[in-house]
Amino acid sequence: MTKINSLADLQEKAEKLQAAKTKTMNEKVIVRVSLATCSIASGGKELMAAMKEECAAQGIANVVFKQVGCQTYCYAEPTVEITLPGREPVTFGYVKGDKAKELVQKYIKSGELVEGVISTNYERVVF
Amino acid sequence: MATQLRIATRNSGFIDPESVESYIAVGGYQALGKCLSKMKPADVIELMKNSGLRGRGGAGFPTGVKWGFAAKYESDIKHVVCNADEGDPGAFMDRAVLEGDPHSVLEAMAIGAYAIGGNKGTIYIRAEYPLAIARLKMAIEQAKEMGVLGDNIMGTDFCFDLELKYGAGAFVCGEETALINSMEGNRGEPYTKPPFPAEAGYWNKPTIVNNVETLANIPAIIMKGADWFNKIGTETSKGTKVFCICGKIANVGLIEVPMGTTLKEVIYDIGGGIPGGKEFKAVQTGGPSGGALTYKDLDAPIDYENLVARQSMMGSGGMIVMDEEDCMVSVAKFFLDFTMDETCGKCTPCRIGSKRIYELLDKITIGQGTEEDLEKLRSLSVNIKDTALCGLGQTMPNPVLSTMRVFEDEYRAHVIDKKCPAGVCAELLEYTVVDQKCVGCTLCAKVCPVNCISGKPKEVHVIDQAACIKCGACLDKCKFDAIIKQ
Ligand SMILES: Cc1cc2nc3c(=O)[nH]c(=O)nc-3n(C[C@H](O)[C@H](O)[C@H](O)COP(=O)(O)O)c2cc1C
Ligand code: SF4
Ligand code: SF4
Ligand code: SF4
Ligand code: FES
């Protein structure tokens with residue numbers, strides 16, 4: 001890791017990282033799996049493994065998996081947010097059992113929605 | 001439809017908490033950079049004061065003012081402490097922030113240290129939060145490697161060192177003086193203030209103690225400005241509050257709403273209402289230190305003052321929703337059971353008082369309470385509030401006083417009619433057969449463990465009340481809804 005030696009350094013680094021992120025968002029499917037204590041307890045890790053496996057089985061390579069913290073939906077854990085290139089993110093809840101595979105086969109492969117979409121109603125401060 | 005506004009939880013669920021780059025990509029550490037390169041410590045404090053941010057750990061003390069106190073004292077060493085003890089039953093928002101966005105807390109601590117002229121930080125976290133601990137450790141290491149924490153941060157001469165201390169998970173250790181005692185390796189017992197920690201805290205050095213959620217707000221405030229923050233919320237309470245809604249609510253989980261959002265919006269719009277078509281009965285805010293709010297309070301905008309005016313409090317943000325099937329005496333007993341376990345025992349009103357209150361509540365729930373006991377409960381509660389040493393004991397009777405005030409009928413039903421209207425207190429229930437519905441299938445008699453149900457096949461069955469042990473087996477078994485409990 002190169003050290004950051006000034007605010008300008010930091011801003012430059014942030015811009016680079018942001019640009020890389022935008023590039024990834026345009027080209028790849030981003031899958032964010034909630035992996036906080038409660039999400040892990042309800043099967044978040046299994047969900048991530050199952051989705052990865054199914055992607056490999058289907059030969060889908062343009063998927064980036066990310067672990068994130070609490071997605072705030074305890075009642076619907078395990079949860080996962082999927083962003084298809086150029087589309088708004090969609091969060092799915094109750095992703096247990098075969099649901100993980102189904103998400104890959106339907107939503108990731110062809111953008112076909114499956115049950116369990118959680119509607120979000122928040123604004124988020126960004127800077 | 002009420003909308004949530006996420007400031008403290010802005011990054012949880014969006015960035016990889018185990019990657020400092022992920023945090024930097026969303027503007028992380030720029031608030032710290034801005035403070036170090038463009039603001040004097042006094043400017044930072046002024047900005048915090050103007051923002052109106054108040055502590056989210058329970059007491060609601062203005063953060064900028066607290067920092068201002070610590071800045072005033074001369075000392076070679078000053079400490080910033082992050083209170084990550086989070087002991088309220090039903091509250092886990094601090095854990096969520098630490099697990100989902102640890103760097104925001106580290107960044108805020110560094111900002112606080114810079115503002116008060118300090119250079120040492122400690123995160124006091126309960127050992128029951130292993131994932132949060134692991135992610136914090138990772139974050140500290142990565143931030144140091146990156147040069148945004150540690151020595152000569154971002155090329156300036158500001159240095160900030162940070163360590164973790166583990167608590168054994170005692171509720172009282174969240175109280176700031178007990179926390180300081182515990183950090184020094186002593187028993188986690190509170191002591192009387194003054195001196196306040198801002199003057200002489202950890203190892204007798206000026207110390208600021210801030211809650212996790214309070215800290216998580218800070219980088220956003222620095223970046224977006226005091227005016228921006230000031231415009232969110234109510235007259236007395238600025239910004240947002242994170243709540244953990246649990247209990248009888250459809251959408252259990254974490255929410256963050258602007259101060260001033262009503263309870264109705266929180267429970268119905270965001271929380272999805274009460275499941276199973278049941279009736280809303282009450283919501284406990286402020287955990288064991290708070291009180292029950294009812295349908296009369298549903299339209300009240302939530303902020304510090306409004307909740308206090310309604311004789312509850314904000315607390316750390318646990319919200320326990322109750323429906324018609326919850327017995328308020330049992331709810332009070334649940335909280336007293338908790339405090340009875342968690343009292344540190346240093347002072348008599350709290351140590352003995354919690355036990356006596358618990359015993360009285362227990363007596364009422366098993367049908368042995370008297371009207372005199374209700375009076376005893378009330379006067380004991382008031383006395384404890386007046387005489388206990390720390391916040392734990394001073395607020396411990398609140399659930400009792402609050403439920404007694406709002407649900408007096410329910411208490412009276414327990415002691416006078418020996419009935420539990422909600423059908424919870426087992427000893428006060430009666431299982432009876434409804435003659436018109438019973439077809440005499442004999443199933444209930446077969447499952448009754450004490451053989452207290454009699455009746456011939458095809459004839460109405462009868463329960464011998466004196467022998468019944470109220471196990472409920474018959475009720476579960478009857479296919480004809482012929483057995484009722486009340
Ligand atoms: C019994 C008791 C328990 C407390 N537990 C916590 C806690 O778990 N976390 C917390 O931040 N504050 C807790 N507090 C409040 C702290 O004493 C202190 O006010 C707070 O950490 C200050 O930070 P803030 O100004 O950012 O809220 C507790 C207070 C009492 C009386
Ligand atoms: S009020 Fe209770 S917790 Fe506080 S010092 Fe006294 S005994 Fe300990
Ligand atoms: S199980 Fe129900 S219907 Fe059957 S005998 Fe008992 S009360 Fe009557
Ligand atoms: S509640 Fe239990 S003990 Fe009482 S009648 Fe029913 S089965 Fe028998
Ligand atoms: S802690 Fe359960 S979803 Fe966040």
Side-chain angles (χ1 to χ4, degrees), chain A residues 1-25 30 32-42 44-45 64-77 79-81 83 89 91 93 118-127, chain B residues 1-7 9-18 20-22 24-31 33-34 36-38 92 95-101 129-132 135 142 145-148 154-156 220 223-224 244 246 249-256 269-270 272:
Chain A
M1 240 180 257
T2 43
K3 266 212 164 174
I4 286 166
N5 280 315
S6 65
L7 178 56
D9 259 16
L10 177 68
Q11 278 162 342
E12 196 189 308
K13 175 136 193 127
E15 272 159 33
K16 269 195 197 140
L17 287 165
Q18 256 159 13
K21 201 163 137 186
T22 313
K23 190 164 166 341
T24 319
M25 299 270 284
I30 317 275
R32 293 194 176 108
V33 184
S34 174
L35 288 179
T37 295
C38 115
S39 347
I40 293 173
S42 48
K45 284 192 172 162
V64 182
F65 283 90
K66 293 208 168 227
Q67 63 165 344
V68 296
C70 166
Q71 285 175 336
T72 76
Y73 313 108
C74 281
Y75 63 95
E77 288 285 2
T79 58
V80 57
E81 186 200 84
T83 315
T91 309
I118 301 177
S119 61
T120 49
N121 64 330
Y122 55 75
E123 276 174 55
R124 206 159 71 82
V125 53
V126 284
F127 44 83
Chain B
M1 197 70 185
T3 5
Q4 304 188 51
L5 175 60
R6 297 179 56 177
I7 302 176
T9 61
R10 62 193 174 280
N11 292 327
S12 180
F14 296 91
I15 65 167
D16 181 349
E18 297 183 6
V20 64
E21 275 101 351
S22 196
I24 288 176
V26 294
Y29 288 105
Q30 297 208 12
K34 181 174 166 188
L36 296 183
S37 57
K38 297 182 180 149
F92 46 83
R95 187 189 74 200
V97 168
L98 293 169
E99 288 178 355
D101 189 20
Y129 280 0
L131 186 62
R135 288 189 174 157
Q142 291 179 3
E145 249 178 78
M146 193 62 101
V148 288
M154 293 186 229
T156 65
M223 294 303 284
K224 306 276 286 182
C244 286
C246 61
I249 184 100
N251 302 343
V252 170
L254 200 79
I255 65 159
E256 181 171 357
D269 295 355
I270 302 173

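A note on names: the letters A, B, ... follow the listed sequences, proteins ahead of strands, and every chain is numbered from 1.
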At a heavy-atom separation under 4.5 Å, does [X] approach chain A through its side chain, its backbone, both, or neither?
X        : answer
B:Ala31  : neither
B:Val148 : side chain
B:Ser12  : both
B:Asp101 : neither
B:Ile15  : backbone

Between A:Arg124 and B:Phe14, is NZ or CZ placed under 6.0 angstrom from the six-membered ring centre and within 45° of the ring axis? yes

Between chain B and each of A:Gln11, A:Glu81, A:Glu15, A:Lys16, count heavy-atom pairs under 4.5 Å; write down the option with the most. A:Gln11

With chain B as the partner, which of A:Lys66, A:Gln67, A:Lys21, A:Arg32 has the greatest number of non-hydrogen pairs under 4.5 Å? A:Gln67

Contacts of A:Thr91 that satisfy side-chain hydrogen bond (donor to acceptor under 3.5 Å, both in side chains) - sequence neighbours left out: none

Please enumerate all residues that pass side-chain hydrogen bond (donor to acceptor under 3.5 Å, both in side chains) together with B:Gln4, with sequence neighbours excluded. none

For A:Glu77 and A:Ser42, indicate whether the former's side chain and the latter's backbone hold a donor-acceptor pair under 3.5 Å. no

Hey, mind stepping through B:Glu18 and B:Arg135 against salt bridge (Lys or Arg N to Asp or Glu O under 4.0 Å) and telling me if it holds? CA-CA 6 Å; B:Glu18 297 183 6; B:Arg135 288 189 174 157; 3.0 Å; yes

Side chain from CB out, backbone as N, CA, C, O: work out which of these in A:Leu35 comes under 4.5 Å of a heavy atom of chain B, or both, or neither. both

Can you see whether A:Thr37 engages B:Glu99 through a side-chain donor-acceptor pair at a distance of less than 3.5 angstrom? yes

